[in-house]
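Here the structure comes first, spelled out in structure tokens, and everything after it is commentary.
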Amino acid sequence: QVQLVESGGGLVQPGGSLRLSCAASGRIFSINAMGWYRQSPGKQRELVATIVSGGSPNYADSVKGRFTMSRDDAKNTLYLQMNSVKPEDTAVYYCNAAIRSSPGTLVRTYWGQGTQVTVSS
């Protein structure tokens, strides 16, 4: 009933920029929180940035000052602007959202399918 679709991943050189998008669609009454996570081979999935409805973004220390997350509520879309990227930013990036599908129902957590970001010269 709810889908999260990421886009914008690809190959970028160190020091370059990339913008990821995550569009939520389907039966959506409200979105309580959204965020970006990433997972590199052999490592656990880690938080990149999150934002709760009406709040300010929170970033992992490793991306502070380089990544900026924004949200377009009218489009139910989340963005991640990645600047000054480093090889260690290479990972599959996943979108996450806590969504209530209709009034009075429970909030459920949804994940996108992931988009690969590779930082390499």
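Keep in mind that this is a model prediction, so the values were computed, not measured.
- To the nearest 0.5 Å, atom CZ of residue Arg45 and atom OG of residue Ser40 are 11.5 Å apart.
- The closest donor-acceptor contact from the side chain of Ser70 to the backbone of Leu80 lies at 3.5 Å or more, if one exists at all.
- By the criterion of side-chain heavy atoms lying less than 4.5 angstrom apart, applied directly or through intervening Ile, Leu, Val, Met, Phe, Trp or Tyr residues, Val92 is not grouped with Met69; the two fall into different hydrophobic clusters.
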From CA spacing to verdict: side-chain contact (heavy atoms from CB on, under 4.5 Å), Leu18, Val117: CA-CA 9 Å; Leu18 207 61; Val117 172; 3.9 Å; yes
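- In the hydrophobic cluster analysis, where Ile, Leu, Val, Met, Phe, Trp and Tyr join through side-chain heavy atoms closer than 4.5 angstrom, Met34 is grouped together with Val63.
- More than 12 heavy-atom neighbours from other residues, nucleotides or ligands sit within 6.0 angstrom of CD on Gln116.
- Under the 6.0 Å distance and 45° angle rule, Arg71 does not count as a cation-pi partner of Tyr79.
- For Ser62 (side chain) and Ala60 (main-chain N/O), no donor-acceptor pair under 3.5 Å exists by modelled atom type.
- Residue Tyr37 holds its OH atom at 13.5 Å from OH of Tyr94, rounded to the nearest 0.5 Å.
- Using a 30° and 60° split on the angle between ring planes, Tyr93 and Phe67 fall in the tilted class, from 30° to 60°.
- Across all non-hydrogen atoms, the minimal contact from Tyr59 to Ala49 is CD2-CB, 3.6 Å.
- For the pairing with Arg38, the salt bridge (charged side-chain N to carboxylate O under 4.0 Å, His left out) check across Glu6, Glu46, Glu88 returns one residue only, Glu46.
- Proximity of a side-chain donor or acceptor of Arg100 to a complementary backbone N or O of Thr105 within less than 3.5 Å is detected.
- At most 12 non-hydrogen atoms from other residues, nucleotides or ligands lie less than 6.0 angstrom from CD of Gln44.
- The two atoms that bring Ser30 and Asn32 nearest to each other are OG-OD1, 3.5 Å, heavy atoms only.
- In this structure, the side chains of Val107 and Ile99 stay at 4.5 Å or more apart for every pair of heavy atoms.
- Between Ser120 and Pro14, the shortest heavy-atom distance links the atoms C-CD, 3.6 Å.
- If you take CG on Leu20 and CE on Met82, they are separated by 5.5 Å, rounding to the nearest 0.5 Å.
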Chi angles and distances behind the salt bridge (charged side-chain N to carboxylate O under 4.0 Å, His left out) call for Lys86, Asp89: CA-CA 5 Å; Lys86 305 174 181 180; Asp89 294 322; over 6 Å; no
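- Taking all atoms of both residues into account, the shortest heavy-atom contact from Leu78 to Cys95 is CD2-SG, 4.3 Å.
- Without hydrogens or angle criteria, Thr50 side chain to Gly35 main chain gives no donor-acceptor distance under 3.5 Å.
- No donor-acceptor pair under 3.5 Å is formed between the side chain of Gln81 and the backbone N or O of Arg19.
- Here OG of Ser101 is found 4.0 Å from OH of Tyr110. Values are rounded to the nearest 0.5 Å.
- Nearest approach of Ala24 to Leu4, heavy atoms of both residues: CB-CD2, 3.5 Å.
- Here the CZ-OG distance, from Arg66 to Ser17, works out to 10.5 Å after rounding to the nearest 0.5 Å.
- In this structure, Thr109 and Asn96 have side chains that are in contact, with non-hydrogen atoms separated by less than 4.5 Å.
- Taking hydrophobic clusters as Ile, Leu, Val, Met, Phe, Trp and Tyr residues chained together by side-chain heavy-atom distances below 4.5 Å, Trp111 shares a cluster with Leu47.
- Here the straight-line distance linking atom CG of Asp73 with atom CD1 of Ile31 works out to 7.0 Å at 0.5 Å rounding.
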